[in-house]
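See structure below.
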Amino acid sequence: MTKRPALLTLALWLIPLAFLAYFFYQPLIAIFRVVFSERFSQGWEFFEWSQVSRPLSFTFFQATLSTLLTLLVGLPAAWLFAKFDFPGRKGLRSISLLPFILPTVVVAAAFNTLIGPQGWINQALMALFNLNAPPLKLLNSLPAILMAHVFYNTSIIIRIVSSSWSRLNPRLEHAARLLGATPWQAFTKVTLPLLAPSLLSASLLVFLFDFTSFGVVLMLGGPQFSTIEVEIYNQAMNRFNLPVAGLLSVIQLGITLLVTLLQNRVNTPRYGKAALNPEKSALSRPAKRWQKIFVFFMVICLILLFAVPVVSLITRSFVTLEADRGQRGEVEVGLTLRYYRELFQNRSRSIFYVPPIEAIRNSLLYSGVAILIAGLLGLLTAYALAQRARFNKLLEPLFMLPLGASAVTLGLGFLLIFNRPPWANSRFPLMIPIAHSLIALPFVVRTILPAIRSIPESLREASRTLGANPLQVLLKVDLPIVLRSLLVSLVFAFTISLGEFGATSFLSNPHAPTIPVAIYRYISQPGALNYGQALAMSSLLLLVCGLGSILIEKIRLPGEELF
Amino acid sequence: MLEVQNLTKDYENKPLLKGVSFEVGKGELVCLLGSSGSGKSTILRIIAGLEEPKSGTVLWEGRDLRDVPTHKRGFGLMFQDYALFPHKTVAQNIAFGLQMQGLKEEEISRRVKESLESIRMQSFADRPVTELSGGEQQRVALARALAPSPNLLMLDEPLGALDHTLRTQLIQELRAILHQSQIPVIYVTHDREEAFGLADRLVILHDGIILQQGSPMELFEQPSTPWVAEFLGLGNLVNGVVTQLKPLQIKLPFTELTLPGLPLELSEGQACQVLLRPEDALIAPTNSAGENYFECIVRDSLFMGEYFQLELLCSQTTLFARSETPAKVGSRLGVSWPADKIQVFPK
């Protein structure tokens, strides 16, 4: 009997392991081979060290700066949510979690409608002062990248830090005050050291996201700002210099793994129950004047930060502000549904032009296949990990590695190995949903695993003594309990796949783009119609992801976290 | 030294404190006694400056503390859950208050050492506090609160989380340490044994007001209300009605008491409560006579070491009485209560 769990676990591992070996480790090894093989020596002839060092140093620079700025906004926000009760708290918290599920292209498009040449601010300034050209050149600048990163990652700081802050025993700070510490001393000597693990872990996570940021940098930073990810894309797709792209991928992978390991290390809770708040809620209404001012100011700031880009995107997609191509000078301003109607029409006669509706169809198809694969593999993997087998400790990191490899690295690897039939079939390139399922897999496993682990073994034993066979146990006991988390994880995987841009940008056929690829293509082309269509598609994607997150909130069990 | 005047405070829109006033004198150990949820801890938090009262003042040596922030009050508070800093060792916890005073390193380490000696935990200096037992944590928390020599020490149910044997032992220890330190102390508890064992003066809080204060003996002998009598567990409280004033006669459900003139304003037909202390009962054979003699049935007889505790059923009412001899369960028994030992509370 003792051998059975081991055997069963091995059987469960078989399919996920084979899948990962073929579709993740094979491409990864291919990247290494490209970097170190002779075959690509022609690529090395023109290699200069600055091709690596320049994007590397810029990536570190912008990631550090972005993380610091995010902390600057996120820490007061975390304090706000950890300590204060105020009208609209729940709503604001939901809004603050929205960026987490938004695809990068949507965020980039949203910031474009705010600060881009055709965005609200520039158009308003042009109308007010009768200017011929947009006065603010914020797009393609470092501040644009930083703003989008702060928008994106403040929610991570809020989520992680505010939850550990609200669980911190407030009496520890009170005890310090009674022992003569000023409020600032109590904060720095007691609260801050106790928050340090979660603060550090959240900061490293934010750093990791900023470090591997691709879509935002590509779409808001412009050609002069190249992070490692963007440079991998440039080298591979524009210069066809695969060895350099591969080298950058290897460096990137090494750094992300290092940061992830570090993050896991600092994340372990250190003081157990000793630092936990014995009471349920430590929330209080702001009582003192400075508290009221702080809460008011912070709420306004967060609404501005989170709602303005989203509102800007949606409103801009319904408004014409600029004349169409060829009609310069005749500006008509007004509400319109035209951008949405045009999604269904093929106007341009260019061979590269694809009607947006086809991009939508492609995306839905790919995502459908992707969640099937991710769901199946996720279930098997989660069940395997839930078994008490010794080798699980060895196998678990193998599965979490796809989380560490960036989507761009995955895209590059796929390009090297699977850019051939049947994987790159022009009518249905199977490699895209497979890549998406790999990206979603760790999230699926992390969502399902706690549900499986929550089923007490005695429940299964009880049903066996009542006459259920193993299949019946699975269907009648496990399934009803796991189903909820499985649904949550599938919805989550669906939104991930719909919005996936990094890997897809390498793999999508020019004639068959996905929604994010189409948005990227349209928004960088001139003309109000292209711009408007990009915004209309972004708004639709936003809507779907928003609905997805509401659905997740509705069906997930309370207390489950999506990290 | 400390004067608390007319404190009021609401909790979840209901009045919790309805005007609480009391004083703590130099070197005095005052026990604030009340049932849980009566607002005892809130009073401490207001004195500490962690919460603001709705109205009322806290004075220290005549000075209003309203605008003095917590860290400048120089009051120590030992929390119910000790609130030891989990990221610091035992010695670092005790040193914290001394560091905040800006003392020199040598001075700090000397005083931490003394402090550890006083709680007999010298060898624990470098242990993380998360590894200590409940009793050890309690001692470290006390040492931490005492180390900076606070002007006033407040203890919030310091023995609440500990088991009974450890409590009795620690009460003795606490008494010794607190009396030695000469610091005025406010000790909050809901446990009357703890309060009687420690207090110079008891302050009884009920329903948002101070019902009574005085030395343990005063409270024991002259509880001001039936609630105090019952809370202190002083004895049997029986409802009655005044039937005659001179001599005073009170009708109880099972007998009629005759009492000498009491300094109370009573009128005929007034409802009242009568306190019959078990230790004052005189057990007599049936069909005898005596002051306020009546008969009842023995329901239970418990051996308590120095006496027997009898549970008596007198018509529908249950009374407790002490007896030097056991009584047979189910038998009839005569009891009498001397009139001068009976206390009457008018309603």
Side-chain angles (χ1 to χ4, degrees), chain A residues 83-85 87 161 164-201 266-292, chain B residues 11-13 41 44-45 47-52 54 68-88 92-103 128-132 137 140-141 143-156 160-161:
Chain A
K83 293 288 166 190
F84 294 108
D85 190 20
V161 178
S164 62
W165 207 334
S166 65
R167 272 179 287 152
L168 200 63
N169 189 348
R171 290 183 194 162
L172 295 171
E173 208 169 283
H174 294 161
R177 295 293 311 283
L178 279 151
L179 292 164
T182 62
W184 178 248
Q185 283 173 319
F187 176 73
T188 54
K189 289 185 183 284
V190 175
T191 308
L192 207 57
L194 292 172
L195 280 182
S198 70
L199 203 59
L200 212 58
S201 148
V266 296
N267 203 12
T268 45
R270 235 177 285 174
Y271 309 116
K273 266 165 74 181
L276 288 188
N277 189 0
E279 276 139 43
K280 266 184 224 147
S281 164
L283 291 182
S284 64
R285 291 250 165 191
K288 295 187 181 120
R289 210 164 130 239
W290 67 267
Q291 290 178 334
K292 284 179 182 157
Chain B
Y11 180 69
E12 288 178 349
N13 297 322
S41 303
L44 292 193
R45 294 171 62 82
I47 295 172
L50 294 171
E51 273 180 49
E52 281 172 25
K54 193 177 164 200
V68 182
T70 300
H71 63 279
K72 291 201 177 136
R73 294 195 181 189
F75 295 165
L77 171 58
M78 185 177 151
F79 289 86
Q80 195 171 0
D81 58 1
Y82 313 134
L84 294 175
F85 304 131
H87 59 302
K88 292 177 183 286
Q92 284 168 341
N93 262 279
I94 297 173
F96 190 89
L98 302 169
Q99 284 162 348
M100 291 300 115
Q101 291 181 345
L103 297 180
V129 289
T130 44
E131 286 175 13
L132 302 181
Q137 285 185 30
V140 174
R144 184 181 73 173
L146 278 171
S149 319
N151 297 326
L152 167 79
L153 179 65
M154 297 179 277
L155 302 110
D156 189 358

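Residue numbers start from 1 in every chain, and the chains themselves are labelled A, B, ... in the order their sequence lines are given, proteins ahead of strands.
Separating the CG atom in B:L77 from the CZ atom in A:R171 is a distance of 9.0 Å, to the nearest 0.5 Å.
Between chain A and the options B:Q99, B:R144, B:R73, B:E52, heavy-atom pairs under 4.5 Å are most frequent for B:R144.
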Worksheet entry | Evaluation steps, side-chain contact (heavy atoms from CB on, under 4.5 Å), between B:R45 and A:H174 | CA-CA 9 Å; B:R45 294 171 62 82; A:H174 294 161; 3.2 Å; yes
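In this structure, B:M100 and A:L179 approach most closely via the heavy-atom pair CB-O, 3.4 Å. A pairwise comparison of heavy atoms in B:F96 and A:A181 identifies CE2-CB, 4.0 Å as the closest pair. Heavy-atom minimum distance, A:A175 versus B:A83: CB-O, 4.0 Å. Listed here is the closest heavy atom pair of B:F85 and A:L172: CE2-O, 3.2 Å.
Looking at A:A287, there are no atoms closer than 4.5 Å to chain B (heavy atoms on both sides), in backbone or side chain. Both the backbone and the side chain of B:P69 come within less than 4.5 Å of a heavy atom in chain A. Residue contact with chain A, scored on non-hydrogen atoms closer than 4.5 Å, is absent for B:K72.
Residues meeting the side-chain contact (heavy atoms from CB on, under 4.5 Å) test with A:T182, sequence neighbours left out: A:W184, A:Q185, B:H71. With sequence neighbours excluded, the residues satisfying salt bridge (Lys or Arg N to Asp or Glu O under 4.0 Å) with B:K54 are B:D10.
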